[in-house]
Amino acid sequence: MKSVLKSLANSIFLVLSIIFSSSTPLVLAQCEAETKTNGCHNYRESMKLKIIAIVAILLSSMIGVCLPLFSGQVPSLKPDRDLFTIVKAFSSGVILATGYMHVLPDSFNDLMSGCLPENPWRKFPFTTFVAMLSAVLTLMVDSFAMSVYKKRCGKALMADANNGGGLENTNVVQIDNFEHGHSHSLEMNDDVSSQLLRHRVIAQVLELGIVVHSVVIGLAMGASGNQCTIRSLISALCFHQMFEGMGLGGCILQAEYEIKMKAIMVFFFSATTPLGIVLGIGLSKVYSETSPTSLMVVGLLNACSAGLLNYMALVDLLAADFLGPKLQTNMKLQAWSYVAVLLGAGFMSLMVKWA
C-alpha cells in the first residue's frame, strides 16, 4: 500500500513540476494574438450574456437536480418502481456521455494544444494517464469506504453475540430459534445499511466529479470575452446541467439523506457553474484560456473529472443496476432500460455540437 501511494505521489510531483517549469512566452503571444483576430470580442455585450448565463444555468441546474427529489412524492416514480429504474438508466447514460463525449475531449484539446510545448505534452498521453489514475483513485475511495463500514459493522455484531453468550442451556430449542431469527434480522439490516451506505458514497463521489467539471466550465465562460462563443454556450449548458442534475438527483434520492444534506448537495451542484462564471469574470484581466498554465491546469482537472465520471457511470450506476436482481429477473424492464441508456447518452452526445 505504501509503495502504491509513493508511486502516485511521485507521478503527481512529476506532473506538477512539468506544469510550473514550463515557460513559453513566444507561443503564448502567438496564441493570444490568434484569439483576438475575430470580431466577436465586445466587453459590454459579453458581460450582458454572462449575467444571463448565470441566472439561466442556476435555474436549469436547480430544476434538473430537484426533479428526482420531488418525484418521490409521485407513487409511480418511487425508487422501487420500474419507471424510476428507467429514468435512472436515462440519467446514467447522460453521465456516461458527459465523461466520454464532453469532458475527455476537452482535456485532449487542452493538453494537446499547439500553445503548449511539444515536449512533453504531445509526446505522452497525459489525458488518458490522469483519467486512469482518477478512476483507480475513485475505486480506492469506494472500496475503502465499504471496508471501513463492514469492519465496524462486524465488530458491532461480535459485541452483540458476546453479550448473548451467557444464556442458560434451558429451553435450547426456543433459544436456538430466537438466535436464528435474530441473526437473520441482523443480516437483513446489515444488507440494507450496506446498500444505503453505497448509495451515499456514490452520490458524494459523483457530485465531486460533476462539481470539478462545472467549475472548469464556468471559469472558462466567465473569463471569455468572445460573445459569439458565450451566446452559443448558454442554451447548450442549460440542457447539459439539467440532464446532469437529473442523474445526480436520482442518486441523492436513493441515498436517503436528511433534508439539510439534500439542500447542501443541491446548492453545490446548482451554484458551482454560476460561481465559476463569477470567478472567471473576476480573473478575466489575468486569466487567459490559451495560456500554457491555464491549459495545463484545466486539462488535468478535466482528465481527473472524466476518469471519475466514467468509473461512476459504468461501475456504480450501470453495472450495479443491470447486473442486479431486479433487472436480471425482468428482461422486458432490462430492454427498456437499455433503450433509456442509449437515449440519454445520445441526447448528451448531441450537445457536443453546441457545447
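Heavy atoms only: backbone and side chains are in, while hydrogens, waters and symmetry mates are out. Here the structure is a predicted model, which is why all the values come from computation and not from measurement.
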- [ ] On the 0 to 90° scale, with breaks at 30° and 60°, tag the F126-W121 ring pair as parallel, tilted or perpendicular.
- [x] tilted
Within the 4.5 Å heavy-atom criterion, are [X] and [Y] side-chain neighbours or not?
X    : Y    : value
E244 : H213 : yes
H240 : T98  : yes
Y311 : L139 : yes
L111 : L295 : no
P68  : I252 : no

Task: More than 12 heavy atoms of other groups within 6.0 Å of M62 CE - done: no
Task: Over 12 foreign heavy atoms within 6.0 Å of CZ, F124 - done: yes
Open item on the list: Please check this pair: side chain of S270 against backbone of V266, looking for a donor-acceptor N/O pair closer than 3.5 Å.
Closed with: yes
- [ ] Run through H199, Q204, R200 and flag the one making a side-chain hydrogen bond (donor to acceptor under 3.5 Å, both in side chains) with Y257.
- [x] Q204
Task: Qualifying residue for side-chain hydrogen bond (donor to acceptor under 3.5 Å, both in side chains) with S107, from T127, N302, T128 - done: T127
Working to the nearest 0.5 angstrom, can you tell me the gap between [X] [atom1] and [Y] [atom2]?
X    : Y    : atom1 : atom2 : value
M221 : I217 : CE    : CD1   : 8.5 Å
K50  : I277 : NZ    : CD1   : 9.0 Å
S113 : M296 : OG    : CE    : 10.0 Å
L219 : S214 : CG    : OG    : 12.5 Å
I95  : D316 : CD1   : CG    : 11.0 Å
E256 : L253 : CD    : CG    : 8.0 Å

Ignoring hydrogens, what is the shortest heavy-atom contact between [X] and [Y]? Give both atom names and the distance.
X    : Y    : value
M348 : H102 : O-NE2, 2.8 Å
S305 : G209 : OG-O, 2.9 Å
P292 : C115 : CG-O, 3.8 Å

TODO: Please confirm whether F239 and F347 have ring centers closer than 6.0 angstrom.
DONE: no
- [ ] Would you mind checking if K326 and D321 are paired as a salt bridge, meaning a charged N to carboxylate O distance below 4.0 Å?
- [x] no
- [ ] With side-chain hydrogen bond (donor to acceptor under 3.5 Å, both in side chains) as the test, would you mind laying out the steps for K88 and Q254 before giving the verdict?
- [x] CA-CA 10 Å; K88 187 184 175 186; Q254 286 189 308; 2.6 Å; yes
